[in-house]
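Chain letters run A, B, ... following the sequence lines, proteins first, then strands; residues in each count from 1. What you see is a predicted model, and the numbers here were worked out from it, not measured in a lab.
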Protein chains: 2
Amino acid sequence: MDKQTVTIYDVAREAKVSMATVSRVVNGNANVKSETKDKVKAVIERLGYRPNAVARGLASRRTTTIGVVIPDVTNHYFAELARGIDDVAAMYHYQIILANSDESNTKEVQVMENLLGKQVDGIIFMGNIVNDVIRDEFKKADVPVVLAGLLDEQEEQPSVNIAYRAAMTDATTRLLKAGHKNVAFITGDLNHYMNKGHRLLGYQDALATYDIPYDEKLVFQGNYDYQSGYELAAAVKASNATAAVVSNDEMAAGLVNGLTDAGVSVPDDFEMITSNDSKLTVITRPQLSSITQPIYDIGAVAMRMLTKLMNREELAANDIILPHGYIDRESTKK
Amino acid sequence: MDKQTVTIYDVAREAKVSMATVSRVVNGNANVKSETKDKVKAVIERLGYRPNAVARGLASRRTTTIGVVIPDVTNHYFAELARGIDDVAAMYHYQIILANSDESNTKEVQVMENLLGKQVDGIIFMGNIVNDVIRDEFKKADVPVVLAGLLDEQEEQPSVNIAYRAAMTDATTRLLKAGHKNVAFITGDLNHYMNKGHRLLGYQDALATYDIPYDEKLVFQGNYDYQSGYELAAAVKASNATAAVVSNDEMAAGLVNGLTDAGVSVPDDFEMITSNDSKLTVITRPQLSSITQPIYDIGAVAMRMLTKLMNREELAANDIILPHGYIDRESTKK
DNA sequence: GTGAAAGCGCTAACAA
DNA sequence: TTGTTAGCGCTTTCAC
């Protein structure tokens with residue numbers, strides 16, 4: 001049960017070479033005669049030597065570990081991002097330290113400090129909001145930080161996202177085109193920049209195009225989960241809305257069930273479009289028409305971007321926008 | 001952008017004490033005069049000193065990092081386990097290196113090696129099967145490994161689970177009691193010990209109690225996902241089954257939708273019970289009656305167990321079984 | 001192509 | 001209560 005017994009020193013002795021040479025073969029350095037390389041490799045194999053990454057990290061000042069702060073792994077949207085991150089991290093031989101933040105500023109700061117203490121080579125940050133406190137933490141980090149599925153109003157950090165505003169315009173337009181005059185906009189906290197500064201504007205853009213006045217009574221805020229969507233159903237039904245665009249799938253699932261339970265038939269009496277195209281969209285009845293977005297890819301691209309930053313390579317663009325789409329299912333009429 | 005500049009040495013110099021003393025205050029060692037402690041703390045504050053966990057890990061041979069191997073973060077069941085793990089890990093000041101394995105033996109072995117190379121203090125392993133290859137890897141680990149939501153046929157590793165066999169007996173009995181003679185057993189790969197060695201036996205136990213012969217034609221294997229459940233619907237409908245117990249929620253969601261789409265009304269024509277009580281159970285229509293299990297707690301308890309093992313404390317029990325329950329929803333008749 | 005040696009930043013005896 | 005001094009296992013100049 002005691003850790004690590006065979007060291008680079010043992011290998012050097014057994015192979016009758018210096019530690020430096022062993023280090024070279026372990027790290028694939030070309031400057032080793034192929035015959036010594038073979039000899040060393042044989043000893044490594046025989047002794048079952050496994051390099052100590054901690055010692056290596058201390059000596060080289062690179063840990064090949066990155067930090068990932070996630071609001072909650074249990075949330076499918078973020079889990080999907082995380083999966084994209086982990087896959088390309090593995091591809092580049094990085095490990096991931098994952099930390100749940102619950103979007104609490106206190107926790108976010110604390111996990112950032114932990115991560116930095118562990119000497120991660122970079123950080124990918126997910127969440128719903130970037131405020132001064134956390135922006136400050138980014139500044140204190142001596143390593144690159146990239147945002148995945150998150151926009152900083154200040155645009156200080158590299159990020160990868162989709163065009164939330166345009167996507168919301170598309171979805172709203174789809175409904176307006178069908179003749180709806182009163183389309184509800186159902187979203188999360190409007191203090192979140194992505195909602196207020198992007199989605200809402202996209203919704204308004206569409207209204208403007210159809211010369212429909214913006215009506216605050218048609219915007220509803222939930223907290224992104226199923227229950228809040230379900231509870232919103234009553235208010236939505238009571239409003240004069242005949243359709244809705246929803247910012248995320250869990251709320252949309254709640255809404256469609258809530259509406260159905262309240263005797264409102266979707267899509268006959270009420271049409272709706274959601275935003276994430278997650279598996280939930282096909283589980284609900286009716287299935288949910290949705291904006292499509294490459295969530296996994298957002299994570300993957302963010303991680304790829306981070307590897308470049310860690311290698312001090314130039315970035316072609318600081319804020320990457322991945323393409324989105326739309327798919328018709330059963331919550332809209334043909 | 002360069003890492004860590006102020007070291008323990010800088011603090012010592014500024015505070016006019018030795019490194020040892022600084023180390024003591026940082027680690028909360030009691031043997032420091034409170035006035036020197038204050039002095040040192042002030043300097044730490046002023047300089048913005050942040051201990052280097054890598055150096056600490058090398059010197060102390062403890063990294064306060066644990067490895068978590070997970071089949072796929074994107075799977076809600078495992079994500080929930082991971083959340084439980086992370087929460088108690090944070091509570092004990094451990095960080096988590098998360099690695100997706102996709103249940104591929106190759107990947108599992110590889111991530112185990114990575115983790116061990118990083119000198120993690122312990123590992124929590126999740127998956128569906130423990131075979132010789134991976135058992136060997138556990139043996140090679142010089143740190144404790146605990147299984148969460150996974151049983152080893154050999155019972156070599158500490159683990160935490162629920163009584164899958166009894167739970168399945170309960171669910172099956174619920175259906176048998178209602179008068180069903182032909183209850184289907186729908187599960188994942190029967191090569192998985194948890195299915196073959198526990199759930200199936202539990203199903204058979206219930207049948208035996210009701211003197212109903214076991215019929216292989218009533219057992220269906222899927223691969224745990226929505227699609228496979230949906231596709232199984234046709235075969236299930238074609239069989240003489242009038243009810244079913246299902247091993248996981250995604251398959252159950254697929255099955256209920258598949259059945260409904262095929263004109264079979266649940267629960268009127270067909271009753272079913274699922275196993276995880278996840279949010280999916282309330283999203284589907286009808287909502288799914290389910291075995292309830294404390295998934296988050298399984299992760300949490302596994303992590304707690306690991307902390308004990310890492311401290312070389314005695315374990316009261318090697319294989320912990322957490323209580324399960326049952327909840328009636330709409331996929332069974334009252 | 002290979003080796004010697006000086007750290008990387010910290011902890012943990014052991015002294016004092 | 002505090003300081004001194006070895007390391008921890010590796011990378012990385014710098015010589016040879």
Distance in angstrom units between [X] [atom1] and [N] [atom2], rounded:
X	N	atom1	atom2	value
K16(B)	dT2(D)	NZ	P	16 Å
R13(A)	dG3(C)	CZ	P	15 Å
I8(B)	dC8(D)	CD1	P	18 Å
R56(A)	dT12(D)	CZ	C1'	14 Å
L58(A)	dC8(C)	CG	P	9 Å
D10(A)	dC8(D)	CG	C1'	14 Å
N29(A)	dT2(C)	CG	P	11 Å

For this session: Using modelled atom types only, decide if a donor and an acceptor are shared between the side chain of D297(A) and the backbone of A300(A) within a distance under 3.5 Å.
Result: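 Such a contact is absent between D297(A) side chain and A300(A) backbone.
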Exercise. Within the distance-only criterion (no hydrogens, no angle test), does the side chain of S101(A) pair as donor or acceptor with the backbone N or O of V69(A) below 3.5 angstrom?
Worked result: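 Answer holds: no.
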For this session: Return yes if a side-chain donor-acceptor contact under 3.5 Å exists between K118(B) and T65(A), otherwise no.
Result: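 Yes, side-chain donor-acceptor contact under 3.5 Å.
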Problem set entry | Exceeds 12 heavy-atom contacts within 6.0 angstrom, atom CD of E313(A) |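 Buried by this count: over 12 neighbours within 6.0 Å.
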For this session: Could you identify which residues of residues 35-48 of chain B place a heavy atom less than 4.0 Å from some atom of DNA chain D, listed by residue number, or say none?
Result: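 Close to the strand are T36(B).
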For this session: Could you identify which residues of residues 17-27 of chain A place a heavy atom less than 4.0 Å from some atom of DNA chain D, listed by residue number, or say none?
Result: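 Going residue by residue through residues 17-27 of chain A, the ones with a heavy atom under 4.0 Å of DNA chain D turn out to be M19(A), A20(A), S23(A), N27(A).
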Exercise. Are Y77(A) and Y224(A) an aromatic pair by the rule of ring centers under 6.0 Å?
Worked result: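 Between Y77(A) and Y224(A), the centre distance exceeds or equals 6.0 Å.
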Exercise. Of A59(B) and K33(B), whose closest DNA chain D nucleotide lies nearer the 5' terminus?
Worked result: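 Between the two, 5'-proximity favours K33(B).
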Exercise. Checking salt bridge (Lys or Arg N to Asp or Glu O under 4.0 Å) for the pair E314(B)/K308(B): CA distance, chi angles, key distance, verdict?
Worked result: CA-CA 7 Å; E314(B) 275 303 314; K308(B) 288 186 183 164; over 6 Å; no
Exercise. Quick one: does L306(B)'s side chain get under 4.5 Å of P144(B)'s, heavy atoms only?
Worked result: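 They are in side-chain contact.
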Counting only side-chain N and O atoms of [X], is one of them less than 4.0 Å from OP1 or OP2 of [N]?
X	N	value
Y9(A)	dA4(C)	no
R61(B)	dG9(D)	yes
N31(B)	dT1(D)	yes

Exercise. For the atom pair OG1 (T36(A)) and CG (N31(A)), what is the distance rounded to the nearest 0.5 Å?
Worked result: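 One gets 10.5 Å once the value is rounded to the nearest 0.5 Å.
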For this session: Output every pair passing salt bridge (Lys or Arg N to Asp or Glu O under 4.0 Å) with a member in residues 63-72 of chain A, not counting sequence neighbours, ordered by first then second residue.
Result: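 Every salt bridge (Lys or Arg N to Asp or Glu O under 4.0 Å) pair that includes a residue of residues 63-72 of chain A, provided the two are not neighbours, is D72(A)-R83(B).
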